[in-house]
Amino acid sequence: MSGVPGRHPMYITTTIPYVNARPHLGFALEIVQADVLARHHRRRGEPVRFQTGTDDNSLKNVLAAEAAGVPVRELVDRNAAAFEGLRGPLDLSFDAFVRTSSHPGHRAGVERLWRATAHDLYRRHYEGLYCVGCEAFYQEEPCPEGHPEPLRRVSEENWFFRLSRYREPLLDLIRSGTPAIEPVSRRNEVLAFLESGLEDISVSRSAERSRGWGIPVPGDPGQVVYVWWDALANYITALDGDDYGRWWEREPRKLHLMGKGVIRFHAVYWPAMLLSAGLPLPTRIFVHDYVTAGGRKISKSGGATADPVALSAAYGVDAVRWWLLREVPRVGDADFTEERLIARADEDLANGAGNLVNRVVTMVHRFRDGRVPDARPEPLEAAGRAGERVHEALEAFDFRRAAAAVQAIVEEANQYVERTRPWKQDPGGRDASLATLVHACRELAVQLEPFLPTAARRVAAAVREEDGRLPRPAPLFPRLGGG
RNA sequence: GGGGCGGUAGCUCAGCCGGUCAGAGCAUCGGACUCAUAAUCCGUGGGUCGUGGGUUCAAGUCCCACCCGCCCUACCA
(Lines give C-alpha, C1' and ligand atoms only; values in the text may rest on other atoms or scores of the structure.)
Protein backbone atom coordinates (compact mmCIF):
# COMPACT_ATOMS: atom_id res chain seq x y z
CA MET A 1 0.00 0.00 0.00
CA SER A 2 1.43 3.29 -1.06
CA GLY A 3 -0.90 5.44 0.98
CA VAL A 4 0.13 6.14 4.52
CA PRO A 5 -2.86 6.04 6.83
CA GLY A 6 -2.94 8.92 9.20
CA ARG A 7 -3.33 12.63 9.20
CA HIS A 8 -1.75 13.42 5.87
CA PRO A 9 -3.93 16.05 4.29
CA MET A 10 -4.83 16.17 0.65
CA TYR A 11 -5.89 18.93 -1.70
CA ILE A 12 -8.06 17.74 -4.57
CA THR A 13 -9.27 19.89 -7.42
CA THR A 14 -11.38 19.49 -10.52
CA THR A 15 -11.04 21.74 -13.51
CA ILE A 16 -13.37 24.68 -13.56
CA PRO A 17 -15.61 24.47 -16.62
CA TYR A 18 -16.62 27.55 -18.50
CA VAL A 19 -20.27 28.22 -18.08
CA ASN A 20 -21.58 28.86 -21.54
CA ALA A 21 -23.98 25.99 -21.00
CA ARG A 22 -25.28 23.69 -18.34
CA PRO A 23 -23.11 20.85 -17.01
CA HIS A 24 -23.06 17.58 -18.89
CA LEU A 25 -22.18 14.03 -17.99
CA GLY A 26 -18.52 14.41 -18.89
CA PHE A 27 -17.96 16.91 -16.14
CA ALA A 28 -20.09 14.81 -13.84
CA LEU A 29 -17.55 12.04 -14.30
CA GLU A 30 -14.69 14.25 -13.21
CA ILE A 31 -16.40 15.73 -10.22
CA VAL A 32 -17.74 12.38 -9.04
CA GLN A 33 -14.27 10.88 -9.30
CA ALA A 34 -12.94 13.74 -7.23
CA ASP A 35 -15.75 13.23 -4.75
CA VAL A 36 -14.92 9.56 -4.31
CA LEU A 37 -11.29 10.39 -3.65
CA ALA A 38 -12.27 13.11 -1.20
CA ARG A 39 -14.62 10.84 0.73
CA HIS A 40 -12.15 8.01 0.70
CA HIS A 41 -9.35 10.07 2.16
CA ARG A 42 -11.60 11.75 4.69
CA ARG A 43 -12.72 8.45 6.10
CA ARG A 44 -9.10 7.48 6.48
CA GLY A 45 -8.81 10.38 8.84
CA GLU A 46 -6.94 12.57 6.41
CA PRO A 47 -7.94 16.22 6.18
CA VAL A 48 -9.20 16.94 2.69
CA ARG A 49 -9.92 20.05 0.74
CA PHE A 50 -12.01 19.25 -2.30
CA GLN A 51 -12.35 22.26 -4.55
CA THR A 52 -14.28 22.86 -7.74
CA GLY A 53 -15.87 25.87 -9.37
CA THR A 54 -16.51 27.64 -12.63
CA ASP A 55 -14.51 29.61 -15.14
CA ASP A 56 -16.72 32.63 -15.51
CA ASN A 57 -14.31 34.84 -17.37
CA SER A 58 -14.10 33.01 -20.67
CA LEU A 59 -14.95 34.97 -23.77
CA LYS A 60 -17.05 32.00 -24.76
CA ASN A 61 -19.40 32.93 -21.98
CA VAL A 62 -19.73 36.38 -23.47
CA LEU A 63 -20.54 34.96 -26.85
CA ALA A 64 -23.05 32.53 -25.42
CA ALA A 65 -24.76 35.39 -23.64
CA GLU A 66 -24.90 37.44 -26.81
CA ALA A 67 -26.33 34.51 -28.68
CA ALA A 68 -28.95 34.04 -26.00
CA GLY A 69 -29.68 37.73 -25.86
CA VAL A 70 -29.09 38.04 -22.15
CA PRO A 71 -26.55 40.03 -20.18
CA VAL A 72 -23.31 38.17 -19.60
CA ARG A 73 -23.63 38.47 -15.88
CA GLU A 74 -27.05 36.90 -15.96
CA LEU A 75 -26.02 33.96 -18.12
CA VAL A 76 -22.88 33.33 -16.14
CA ASP A 77 -24.69 33.50 -12.83
CA ARG A 78 -27.41 31.20 -14.01
CA ASN A 79 -25.12 28.56 -15.44
CA ALA A 80 -22.63 28.75 -12.61
CA ALA A 81 -25.51 28.09 -10.26
CA ALA A 82 -26.34 25.03 -12.32
CA PHE A 83 -22.83 23.71 -11.80
CA GLU A 84 -22.85 24.44 -8.11
CA GLY A 85 -26.29 22.85 -8.02
CA LEU A 86 -24.78 19.50 -8.97
CA ARG A 87 -24.06 19.01 -5.31
CA GLY A 88 -27.45 17.55 -4.51
CA PRO A 89 -28.19 15.56 -7.64
CA LEU A 90 -24.73 14.00 -7.61
CA ASP A 91 -24.24 13.77 -3.87
CA LEU A 92 -21.07 15.82 -3.93
CA SER A 93 -19.03 16.85 -0.94
CA PHE A 94 -16.85 19.64 -2.29
CA ASP A 95 -15.54 22.02 0.35
CA ALA A 96 -15.12 25.03 -1.88
CA PHE A 97 -16.80 26.25 -5.03
CA VAL A 98 -14.79 28.93 -6.78
CA ARG A 99 -16.28 31.26 -9.31
CA THR A 100 -13.58 33.25 -11.03
CA SER A 101 -15.83 36.26 -11.51
CA SER A 102 -16.99 36.52 -7.95
CA HIS A 103 -14.68 34.74 -5.56
CA PRO A 104 -13.40 37.45 -3.22
CA GLY A 105 -9.77 36.50 -3.45
CA HIS A 106 -9.51 35.43 -7.05
CA ARG A 107 -8.94 38.67 -8.86
CA ALA A 108 -6.39 39.89 -6.37
CA GLY A 109 -4.73 36.51 -6.51
CA VAL A 110 -4.48 36.60 -10.29
CA GLU A 111 -2.97 40.06 -10.09
CA ARG A 112 -0.47 38.85 -7.50
CA LEU A 113 0.51 35.92 -9.64
CA TRP A 114 0.86 38.18 -12.63
CA ARG A 115 3.20 40.49 -10.78
CA ALA A 116 5.18 37.57 -9.41
CA THR A 117 5.89 36.47 -12.96
CA ALA A 118 6.56 39.96 -14.28
CA HIS A 119 10.17 39.08 -15.07
CA ASP A 120 8.85 36.59 -17.63
CA LEU A 121 6.27 38.87 -19.21
CA TYR A 122 6.78 41.15 -22.18
CA ARG A 123 4.67 42.89 -24.81
CA ARG A 124 4.76 41.77 -28.37
CA HIS A 125 2.84 42.54 -31.49
CA TYR A 126 0.86 39.63 -32.69
CA GLU A 127 -1.13 38.97 -35.76
CA GLY A 128 -3.09 35.91 -36.61
CA LEU A 129 -6.43 34.25 -37.02
CA TYR A 130 -8.22 33.96 -33.76
CA CYS A 131 -10.84 31.39 -32.93
CA VAL A 132 -13.01 32.51 -30.07
CA GLY A 133 -14.30 29.00 -29.65
CA CYS A 134 -10.80 27.80 -28.85
CA GLU A 135 -9.54 31.05 -27.35
CA ALA A 136 -6.45 30.49 -29.46
CA PHE A 137 -4.64 31.62 -32.58
CA TYR A 138 -4.25 29.61 -35.77
CA GLN A 139 -2.40 30.02 -39.00
CA GLU A 140 -5.32 29.25 -41.26
CA GLU A 141 -8.99 28.42 -41.30
CA PRO A 142 -10.81 26.57 -40.13
CA CYS A 143 -9.92 25.93 -36.57
CA PRO A 144 -9.14 22.29 -35.87
CA GLU A 145 -11.98 22.05 -33.40
CA GLY A 146 -14.49 22.86 -36.07
CA HIS A 147 -16.10 25.70 -34.23
CA PRO A 148 -18.76 27.34 -36.36
CA GLU A 149 -17.68 30.93 -35.86
CA PRO A 150 -15.33 32.15 -38.57
CA LEU A 151 -11.80 32.92 -37.50
CA ARG A 152 -11.07 36.58 -37.06
CA ARG A 153 -8.02 38.34 -38.33
CA VAL A 154 -6.52 39.91 -35.28
CA SER A 155 -3.63 42.27 -35.12
CA GLU A 156 -2.77 43.55 -31.70
CA GLU A 157 -0.16 43.82 -29.07
CA ASN A 158 -0.40 41.30 -26.23
CA TRP A 159 1.51 40.24 -23.23
CA PHE A 160 3.64 37.16 -23.69
CA PHE A 161 4.97 34.75 -21.14
CA ARG A 162 8.44 33.29 -21.54
CA LEU A 163 7.29 29.73 -21.50
CA SER A 164 10.32 28.77 -23.59
CA ARG A 165 12.56 29.23 -20.57
CA TYR A 166 10.88 26.42 -18.72
CA ARG A 167 11.33 23.57 -21.13
CA GLU A 168 14.35 22.07 -19.37
CA PRO A 169 13.13 22.59 -15.83
CA LEU A 170 9.78 21.06 -16.68
CA LEU A 171 11.37 18.09 -18.39
CA ASP A 172 13.49 17.45 -15.34
CA LEU A 173 10.62 17.86 -12.94
CA ILE A 174 8.15 15.68 -14.79
CA ARG A 175 10.73 13.00 -15.43
CA SER A 176 11.44 12.94 -11.73
CA GLY A 177 7.76 12.73 -10.93
CA THR A 178 6.67 16.19 -9.83
CA PRO A 179 4.04 16.48 -10.82
CA ALA A 180 3.34 12.80 -11.31
CA ILE A 181 1.15 12.56 -14.38
CA GLU A 182 -1.17 9.61 -14.75
CA PRO A 183 -1.85 7.48 -16.67
CA VAL A 184 1.74 7.03 -17.81
CA SER A 185 0.79 7.45 -21.44
CA ARG A 186 -0.31 10.99 -20.62
CA ARG A 187 2.98 11.66 -18.94
CA ASN A 188 4.76 10.50 -22.07
CA GLU A 189 2.54 12.72 -24.12
CA VAL A 190 3.55 15.73 -22.07
CA LEU A 191 7.23 14.80 -22.25
CA ALA A 192 7.00 14.49 -26.01
CA PHE A 193 5.40 17.88 -26.19
CA LEU A 194 8.12 19.40 -24.06
CA GLU A 195 10.87 17.72 -26.04
CA SER A 196 9.50 19.18 -29.24
CA GLY A 197 10.19 22.61 -27.85
CA LEU A 198 8.23 25.38 -26.22
CA GLU A 199 7.36 28.77 -27.60
CA ASP A 200 6.35 31.74 -25.58
CA ILE A 201 2.62 32.06 -25.23
CA SER A 202 0.29 34.98 -25.40
CA VAL A 203 -1.26 35.55 -21.99
CA SER A 204 -3.47 38.54 -22.54
CA ARG A 205 -6.18 39.70 -24.90
CA SER A 206 -7.29 43.16 -25.77
CA ALA A 207 -10.01 44.37 -23.47
CA GLU A 208 -11.93 45.56 -26.48
CA ARG A 209 -12.03 42.14 -28.09
CA SER A 210 -12.95 40.66 -24.74
CA ARG A 211 -15.91 43.02 -24.45
CA GLY A 212 -14.41 44.18 -21.19
CA TRP A 213 -15.12 40.79 -19.65
CA GLY A 214 -12.38 39.27 -17.59
CA ILE A 215 -9.61 40.46 -15.31
CA PRO A 216 -7.65 43.51 -16.47
CA VAL A 217 -3.91 43.15 -16.71
CA PRO A 218 -2.32 44.96 -13.77
CA GLY A 219 -1.10 48.31 -14.96
CA ASP A 220 -2.47 47.79 -18.44
CA PRO A 221 -6.23 48.26 -18.47
CA GLY A 222 -6.35 47.88 -22.23
CA GLN A 223 -5.56 44.20 -21.81
CA VAL A 224 -7.39 41.37 -20.13
CA VAL A 225 -5.62 38.37 -18.61
CA TYR A 226 -5.84 35.35 -20.87
CA VAL A 227 -8.64 33.18 -19.59
CA TRP A 228 -6.48 30.10 -19.15
CA TRP A 229 -4.04 32.00 -17.00
CA ASP A 230 -6.95 33.33 -15.03
CA ALA A 231 -8.64 29.96 -14.69
CA LEU A 232 -5.58 27.93 -13.73
CA ALA A 233 -4.81 30.39 -11.00
CA ASN A 234 -7.99 29.39 -9.18
CA TYR A 235 -6.16 26.47 -7.66
CA ILE A 236 -4.29 28.88 -5.45
CA THR A 237 -6.25 32.11 -5.52
CA ALA A 238 -9.20 30.51 -3.81
CA LEU A 239 -7.03 29.64 -0.85
CA ASP A 240 -7.67 32.53 1.47
CA GLY A 241 -5.25 33.57 4.15
CA ASP A 242 -3.92 30.65 6.09
CA ASP A 243 -5.42 28.20 3.65
CA TYR A 244 -2.77 28.96 1.09
CA GLY A 245 0.02 27.97 3.39
CA ARG A 246 -1.85 24.95 4.58
CA TRP A 247 -3.05 23.52 1.30
CA TRP A 248 -0.50 24.69 -1.21
CA GLU A 249 2.70 25.90 0.35
CA ARG A 250 3.11 23.13 2.88
CA GLU A 251 0.71 20.46 1.65
CA PRO A 252 2.68 17.59 0.11
CA ARG A 253 -0.32 16.16 -1.73
CA LYS A 254 -1.90 18.42 -4.30
CA LEU A 255 -3.96 16.63 -6.91
CA HIS A 256 -5.48 18.02 -10.09
CA LEU A 257 -8.13 16.05 -11.97
CA MET A 258 -8.89 16.89 -15.58
CA GLY A 259 -10.01 15.64 -18.95
CA LYS A 260 -7.53 14.70 -21.62
CA GLY A 261 -8.20 17.84 -23.60
CA VAL A 262 -6.56 20.18 -21.13
CA ILE A 263 -3.39 18.39 -20.08
CA ARG A 264 -1.09 20.85 -21.71
CA PHE A 265 -2.47 23.71 -19.71
CA HIS A 266 -2.15 21.82 -16.45
CA ALA A 267 1.06 19.92 -17.00
CA VAL A 268 3.02 22.59 -18.87
CA TYR A 269 1.62 26.10 -18.67
CA TRP A 270 0.49 25.94 -15.07
CA PRO A 271 3.69 24.48 -13.63
CA ALA A 272 5.68 26.98 -15.67
CA MET A 273 3.65 29.83 -14.23
CA LEU A 274 4.28 28.54 -10.75
CA LEU A 275 7.99 28.07 -11.37
CA SER A 276 8.19 31.61 -12.63
CA ALA A 277 6.44 32.87 -9.54
CA GLY A 278 8.59 30.73 -7.30
CA LEU A 279 5.67 28.74 -5.98
CA PRO A 280 5.33 25.00 -5.33
CA LEU A 281 3.97 22.76 -8.05
CA PRO A 282 1.04 20.37 -7.89
CA THR A 283 2.21 16.90 -7.01
CA ARG A 284 -0.17 14.72 -9.00
CA ILE A 285 -2.20 15.06 -12.13
CA PHE A 286 -4.81 12.54 -13.14
CA VAL A 287 -6.18 12.66 -16.66
CA HIS A 288 -9.45 10.99 -17.49
CA ASP A 289 -10.80 10.31 -20.94
CA TYR A 290 -14.20 11.25 -22.23
CA VAL A 291 -17.73 10.04 -21.92
CA THR A 292 -19.63 9.74 -25.14
CA ALA A 293 -23.38 9.43 -25.38
CA GLY A 294 -24.81 6.84 -27.68
CA GLY A 295 -21.53 6.69 -29.54
CA ARG A 296 -21.39 10.42 -30.14
CA LYS A 297 -19.31 13.10 -28.56
CA ILE A 298 -21.17 15.05 -25.95
CA SER A 299 -21.32 18.66 -26.91
CA LYS A 300 -21.68 21.13 -24.15
CA SER A 301 -24.27 23.15 -25.93
CA GLY A 302 -27.26 20.97 -26.58
CA GLY A 303 -27.06 17.86 -28.69
CA ALA A 304 -26.99 14.47 -27.10
CA THR A 305 -28.96 14.27 -23.90
CA ALA A 306 -26.53 13.56 -21.14
CA ASP A 307 -27.75 15.84 -18.43
CA PRO A 308 -26.58 14.51 -15.08
CA VAL A 309 -29.31 16.38 -13.21
CA ALA A 310 -32.04 14.93 -15.39
CA LEU A 311 -30.53 11.46 -15.11
CA SER A 312 -30.31 11.74 -11.37
CA ALA A 313 -33.92 12.84 -11.19
CA ALA A 314 -35.03 10.00 -13.43
CA TYR A 315 -32.94 7.15 -12.06
CA GLY A 316 -31.55 8.35 -8.79
CA VAL A 317 -28.15 9.56 -7.76
CA ASP A 318 -26.94 6.08 -6.87
CA ALA A 319 -27.55 4.74 -10.35
CA VAL A 320 -25.82 7.69 -11.99
CA ARG A 321 -22.78 7.61 -9.73
CA TRP A 322 -22.57 3.86 -9.97
CA TRP A 323 -22.52 3.93 -13.73
CA LEU A 324 -19.78 6.57 -13.81
CA LEU A 325 -17.66 4.69 -11.32
CA ARG A 326 -18.33 1.08 -12.17
CA GLU A 327 -18.41 1.30 -15.93
CA VAL A 328 -15.97 3.99 -17.02
CA PRO A 329 -12.51 2.51 -17.63
CA ARG A 330 -9.37 4.13 -16.31
CA VAL A 331 -8.11 4.55 -19.84
CA GLY A 332 -10.27 5.03 -22.87
CA ASP A 333 -13.56 6.71 -23.60
CA ALA A 334 -16.74 5.23 -22.22
CA ASP A 335 -20.02 5.26 -24.07
CA PHE A 336 -23.05 6.16 -22.04
CA THR A 337 -26.56 5.01 -22.74
CA GLU A 338 -29.53 4.97 -20.44
CA GLU A 339 -29.89 1.28 -21.15
CA ARG A 340 -26.45 0.62 -19.75
CA LEU A 341 -27.10 2.75 -16.72
CA ILE A 342 -30.30 0.86 -16.04
CA ALA A 343 -28.75 -2.53 -16.65
CA ARG A 344 -25.81 -1.81 -14.38
CA ALA A 345 -27.97 -0.40 -11.61
CA ASP A 346 -30.43 -3.27 -11.71
CA GLU A 347 -27.76 -5.91 -11.82
CA ASP A 348 -25.45 -4.54 -9.17
CA LEU A 349 -27.65 -2.42 -6.97
CA ALA A 350 -31.22 -3.77 -7.08
CA ASN A 351 -30.54 -7.44 -7.74
CA GLY A 352 -27.14 -7.39 -6.11
CA ALA A 353 -26.59 -5.28 -3.04
CA GLY A 354 -30.22 -4.42 -2.39
CA ASN A 355 -31.48 -7.95 -2.72
CA LEU A 356 -28.66 -9.32 -0.62
CA VAL A 357 -29.34 -6.99 2.28
CA ASN A 358 -33.04 -7.56 1.98
CA ARG A 359 -32.77 -11.35 2.05
CA VAL A 360 -30.35 -11.26 4.95
CA VAL A 361 -32.53 -8.95 7.01
CA THR A 362 -35.58 -11.02 6.18
CA MET A 363 -33.88 -14.16 7.46
CA VAL A 364 -32.80 -12.45 10.63
CA HIS A 365 -36.42 -11.54 11.22
CA ARG A 366 -37.86 -14.88 10.24
CA PHE A 367 -35.50 -17.03 12.22
CA ARG A 368 -34.31 -14.69 14.93
CA ASP A 369 -37.11 -12.20 15.41
CA GLY A 370 -34.86 -9.49 14.10
CA ARG A 371 -32.08 -10.09 16.57
CA VAL A 372 -28.62 -10.41 15.08
CA PRO A 373 -26.92 -13.56 16.36
CA ASP A 374 -24.04 -13.18 18.72
CA ALA A 375 -22.05 -15.80 16.85
CA ARG A 376 -18.63 -15.01 15.55
CA PRO A 377 -18.71 -14.22 11.82
CA GLU A 378 -16.79 -16.46 9.50
CA PRO A 379 -14.05 -14.66 7.60
CA LEU A 380 -15.01 -13.93 4.01
CA GLU A 381 -12.25 -13.19 1.57
CA ALA A 382 -13.81 -10.43 -0.55
CA ALA A 383 -15.34 -8.65 2.42
CA GLY A 384 -12.16 -8.89 4.42
CA ARG A 385 -9.94 -7.52 1.72
CA ALA A 386 -12.28 -4.98 0.13
CA GLY A 387 -10.82 -2.11 2.11
CA GLU A 388 -7.28 -2.61 0.96
CA ARG A 389 -8.37 -3.39 -2.58
CA VAL A 390 -10.41 -0.23 -2.79
CA HIS A 391 -7.51 1.79 -1.48
CA GLU A 392 -5.04 0.32 -3.90
CA ALA A 393 -7.34 0.86 -6.84
CA LEU A 394 -8.09 4.45 -5.87
CA GLU A 395 -4.40 5.19 -5.42
CA ALA A 396 -4.11 4.21 -9.07
CA PHE A 397 -7.25 6.19 -10.00
CA ASP A 398 -8.86 2.97 -11.15
CA PHE A 399 -12.38 3.71 -10.02
CA ARG A 400 -13.86 0.80 -11.88
CA ARG A 401 -11.57 -1.69 -10.19
CA ALA A 402 -12.35 -0.09 -6.85
CA ALA A 403 -16.09 -0.34 -7.42
CA ALA A 404 -15.69 -3.94 -8.51
CA ALA A 405 -13.94 -4.72 -5.24
CA VAL A 406 -17.00 -3.45 -3.40
CA GLN A 407 -19.36 -5.39 -5.62
CA ALA A 408 -17.33 -8.52 -4.92
CA ILE A 409 -18.58 -8.40 -1.35
CA VAL A 410 -22.12 -8.81 -2.63
CA GLU A 411 -21.24 -11.67 -4.93
CA GLU A 412 -19.35 -13.48 -2.24
CA ALA A 413 -22.13 -13.02 0.28
CA ASN A 414 -24.75 -14.31 -2.13
CA GLN A 415 -22.64 -17.38 -2.78
CA TYR A 416 -22.29 -17.82 0.94
CA VAL A 417 -26.06 -17.80 1.33
CA GLU A 418 -26.40 -20.55 -1.26
CA ARG A 419 -23.63 -22.55 0.29
CA THR A 420 -24.78 -22.41 3.88
CA ARG A 421 -28.54 -22.26 3.32
CA PRO A 422 -29.45 -20.80 6.68
CA TRP A 423 -33.09 -21.92 6.32
CA LYS A 424 -31.99 -25.54 6.23
CA GLN A 425 -29.70 -25.39 9.19
CA ASP A 426 -30.12 -26.05 12.86
CA PRO A 427 -30.16 -22.94 15.03
CA GLY A 428 -26.47 -23.13 15.83
CA GLY A 429 -25.28 -23.23 12.24
CA ARG A 430 -27.91 -20.75 11.21
CA ASP A 431 -26.72 -18.24 13.74
CA ALA A 432 -23.19 -18.52 12.45
CA SER A 433 -24.36 -17.98 8.88
CA LEU A 434 -26.56 -15.03 9.71
CA ALA A 435 -23.90 -13.42 11.83
CA THR A 436 -21.48 -13.76 8.94
CA LEU A 437 -23.97 -12.30 6.49
CA VAL A 438 -24.91 -9.34 8.64
CA HIS A 439 -21.25 -8.68 9.15
CA ALA A 440 -20.68 -8.76 5.39
CA CYS A 441 -23.57 -6.35 4.82
CA ARG A 442 -22.12 -3.96 7.36
CA GLU A 443 -18.77 -4.14 5.63
CA LEU A 444 -20.57 -3.46 2.37
CA ALA A 445 -22.06 -0.31 3.84
CA VAL A 446 -18.63 0.84 4.95
CA GLN A 447 -16.95 0.17 1.63
CA LEU A 448 -19.79 1.62 -0.39
CA GLU A 449 -19.65 4.98 1.33
CA PRO A 450 -17.18 6.84 -0.91
CA PHE A 451 -18.94 5.61 -4.03
CA LEU A 452 -22.61 5.84 -3.10
CA PRO A 453 -22.85 7.80 0.14
CA THR A 454 -26.64 7.88 0.18
CA ALA A 455 -27.02 4.21 -0.55
CA ALA A 456 -24.34 3.36 1.96
CA ARG A 457 -26.38 5.07 4.66
CA ARG A 458 -29.44 3.06 3.67
CA VAL A 459 -27.50 -0.17 3.79
CA ALA A 460 -25.98 0.73 7.13
CA ALA A 461 -29.38 1.59 8.57
CA ALA A 462 -30.87 -1.65 7.29
CA VAL A 463 -28.39 -3.74 9.26
CA ARG A 464 -28.19 -1.56 12.35
CA GLU A 465 -30.02 -2.81 15.42
CA GLU A 466 -32.52 -0.53 17.10
CA ASP A 467 -33.52 -1.74 20.54
CA GLY A 468 -31.85 -5.01 19.79
CA ARG A 469 -33.61 -5.63 16.49
CA LEU A 470 -32.98 -4.88 12.85
CA PRO A 471 -35.55 -2.71 11.05
CA ARG A 472 -38.23 -4.48 9.04
CA PRO A 473 -36.85 -5.58 5.66
CA ALA A 474 -37.59 -3.35 2.68
CA PRO A 475 -36.10 -3.01 -0.79
CA LEU A 476 -33.14 -0.64 -0.75
CA PHE A 477 -32.79 -0.03 -4.46
CA PRO A 478 -35.59 0.21 -7.00
CA ARG A 479 -35.49 -1.84 -10.14
CA LEU A 480 -35.13 0.65 -12.95
CA GLY A 481 -35.70 -1.61 -15.92
CA GLY A 482 -39.18 -1.80 -17.37
CA GLY A 483 -41.49 -4.72 -16.79
C1' G B 1 2.40 15.30 -41.43
C1' G B 2 4.37 13.92 -36.34
C1' G B 3 3.38 11.60 -31.47
C1' G B 4 0.05 8.71 -28.38
C1' C B 5 -4.09 5.47 -27.04
C1' G B 6 -7.58 1.72 -28.41
C1' G B 7 -9.17 -2.39 -32.00
C1' U B 8 -9.71 -9.80 -27.57
C1' A B 9 -16.49 -14.35 -27.48
C1' G B 10 -23.35 -11.02 -29.74
C1' C B 11 -22.44 -6.62 -26.03
C1' U B 12 -19.00 -4.20 -22.21
C1' C B 13 -14.29 -5.30 -21.20
C1' A B 14 -9.61 -8.22 -17.95
C1' G B 15 -5.17 -10.06 -19.67
C1' C B 16 1.98 -6.78 -15.56
C1' C B 17 8.13 -7.88 -17.34
C1' G B 18 6.44 -13.42 -23.93
C1' G B 19 5.48 -19.92 -22.21
C1' U B 20 -2.41 -23.37 -18.61
C1' C B 21 -3.77 -16.27 -21.60
C1' A B 22 -7.58 -17.76 -24.70
C1' G B 23 -10.62 -15.22 -19.79
C1' A B 24 -14.76 -12.34 -16.66
C1' G B 25 -19.52 -10.04 -16.55
C1' C B 26 -24.03 -9.37 -19.35
C1' A B 27 -27.12 -11.70 -22.99
C1' U B 28 -28.59 -17.19 -24.72
C1' C B 29 -29.54 -22.14 -23.20
C1' G B 30 -29.85 -26.04 -19.25
C1' G B 31 -30.03 -27.15 -14.04
C1' A B 32 -30.57 -26.00 -8.57
C1' C B 33 -32.96 -23.39 -4.73
C1' U B 34 -37.04 -20.82 -2.28
C1' C B 35 -34.29 -16.70 2.58
C1' A B 36 -34.94 -12.41 -1.07
C1' U B 37 -36.91 -6.80 -5.36
C1' A B 38 -39.85 -13.18 -11.03
C1' A B 39 -34.32 -11.92 -7.11
C1' U B 40 -30.01 -15.77 -6.09
C1' C B 41 -26.56 -19.96 -7.10
C1' C B 42 -24.29 -23.72 -10.55
C1' G B 43 -23.13 -25.26 -15.51
C1' U B 44 -23.13 -24.77 -21.23
C1' G B 45 -22.38 -22.56 -26.04
C1' G B 46 -19.18 -19.19 -28.64
C1' G B 47 -13.54 -15.94 -30.36
C1' U B 48 -7.94 -17.58 -36.61
C1' C B 49 -7.14 -12.14 -29.63
C1' G B 50 -7.89 -5.54 -36.40
C1' U B 51 -4.69 -7.20 -41.17
C1' G B 52 0.07 -8.88 -43.16
C1' G B 53 4.96 -9.93 -42.18
C1' G B 54 9.19 -10.71 -38.63
C1' U B 55 12.04 -12.20 -33.98
C1' U B 56 11.78 -16.67 -30.75
C1' C B 57 11.93 -23.41 -28.79
C1' A B 58 7.36 -20.40 -27.63
C1' A B 59 3.49 -14.09 -29.12
C1' G B 60 -3.15 -10.96 -27.79
C1' U B 61 1.72 -10.46 -24.87
C1' C B 62 8.08 -8.05 -28.47
C1' C B 63 9.58 -5.58 -33.67
C1' C B 64 7.95 -3.53 -38.68
C1' A B 65 4.12 -2.11 -42.11
C1' C B 66 -0.90 -1.28 -43.03
C1' C B 67 -6.40 -0.62 -41.92
C1' C B 68 -10.23 1.44 -38.52
C1' G B 69 -11.72 4.68 -34.13
C1' C B 70 -10.18 8.46 -30.83
C1' C B 71 -6.72 12.14 -28.43
C1' C B 72 -2.71 15.65 -28.64
C1' U B 73 0.18 18.46 -31.99
C1' A B 74 1.71 20.67 -36.57
C1' C B 75 0.73 22.20 -41.12
C1' C B 76 6.00 21.07 -44.97
C1' A B 77 6.59 27.14 -46.53
Side-chain angles (χ1 to χ4, degrees), chain A residues 128-129 134 136-145 181 183-199 258-268 287-292 295-298 323 326-337 339-368 393 396 398 400-401 403-404 407-408 410-425 430 433-434 437-438 441 458 462 472-483:
Chain A
L129 292 168
C134 304
F137 285 99
Y138 292 100
Q139 299 303 311
E140 64 178 21
E141 295 196 73
C143 86
E145 298 299 313
I181 302 170
V184 181
S185 59
R186 296 298 171 192
R187 173 176 172 274
N188 294 336
E189 187 178 312
V190 171
L191 288 174
F193 177 75
L194 287 168
E195 282 160 1
S196 72
L198 292 181
E199 295 188 1
M258 73 204 63
K260 60 187 173 184
V262 296
I263 315 174
R264 199 171 82 247
F265 299 98
H266 285 82
V268 178
V287 184
H288 65 258
D289 288 343
Y290 292 154
V291 175
T292 58
R296 302 197 317 187
K297 185 172 181 175
I298 300 176
W323 184 84
R326 180 76 205 280
E327 203 124 301
V328 174
R330 181 168 179 274
V331 174
D333 294 347
D335 189 48
F336 171 83
T337 66
E339 289 72 23
R340 286 181 186 150
L341 177 145
I342 291 168
R344 183 52 85 179
D346 281 350
E347 182 188 334
D348 287 353
L349 303 182
N351 297 347
N355 182 242
L356 169 71
V357 174
N358 198 27
R359 73 196 296 203
V360 168
V361 173
T362 298
M363 283 191 280
V364 171
H365 274 279
R366 176 164 307 189
F367 301 118
R368 301 257 329 160
D398 193 337
R400 188 169 61 174
R401 200 173 89 216
Q407 186 64 25
V410 174
E411 292 164 14
E412 179 182 53
N414 270 322
Q415 290 166 346
Y416 181 85
V417 173
E418 303 293 335
R419 195 169 68 242
T420 62
R421 303 192 174 207
W423 55 92
K424 291 281 195 188
Q425 293 199 38
R430 186 157 60 214
S433 291
L434 294 180
L437 288 166
V438 170
C441 290
R458 287 204 304 276
R472 304 300 310 182
L476 297 180
F477 296 92
R479 288 179 56 79
L480 303 179

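Nothing here was measured: the structure is a model prediction, and the numbers come from that model. Residue numbers start from 1 in every chain, and the chains themselves are labelled A, B, ... in the order their sequence lines are given, proteins ahead of strands.
The main-chain N or O of A/Thr420 is found under 3.5 Å from a side-chain atom of A/Gln425 such that the two form a donor-acceptor pair.
Among the nucleotides B/rC35, B/rC71, B/rG25, the one closest to any side-chain atom of A/Glu347 is B/rG25. With distances taken from any side-chain atom of A/Arg340 to the nucleotides B/rU37, B/rU12, B/rC71, the minimum falls on B/rU12. Of the candidate nucleotides B/rC13, B/rA36, B/rC70, B/rC13 has the atom lying nearest to any side-chain atom of A/Arg400. Taking only side-chain atoms of A/Gln415, from C-beta outward, the nucleotide of B/rU34, B/rU37, B/rC41 with the closest atom is B/rC41. Listed candidates were B/rU37, B/rC33, B/rA36. Nearest to the side chain of A/Arg421 is B/rC33.
Contacts of A/Glu199 classified as salt bridge (charged side-chain N to carboxylate O under 4.0 Å, His left out), with partners at least two apart in sequence or in another chain: none. Under the rule for a side-chain contact (heavy atoms from CB on, under 4.5 Å), the partners of A/Asn355 that lie at least two apart in sequence or sit in another chain are A/Arg359.
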Seminar exercise, completed: Per-residue pairing states of RNA chain B in dot-bracket (Watson-Crick or G-U under 3.5 Å; . unpaired, | other strand) read (((((((..((((.........))))..((((.......))))......(((((.......))))))))))))....

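Note on A/Ile263: nothing from the nucleic acid sits closer than 4.0 angstrom, heavy atoms only.
Summary of the strand contacts: A/Val331 and A/Arg359 both lie near RNA chain B, and taking for each the nucleotide with the nearest heavy atom, the more 5' one is attributed to A/Val331.
Between B/rG4 and A/Lys260, no contact under 4.0 Å exists linking OP1 or OP2 to a side-chain N or O.
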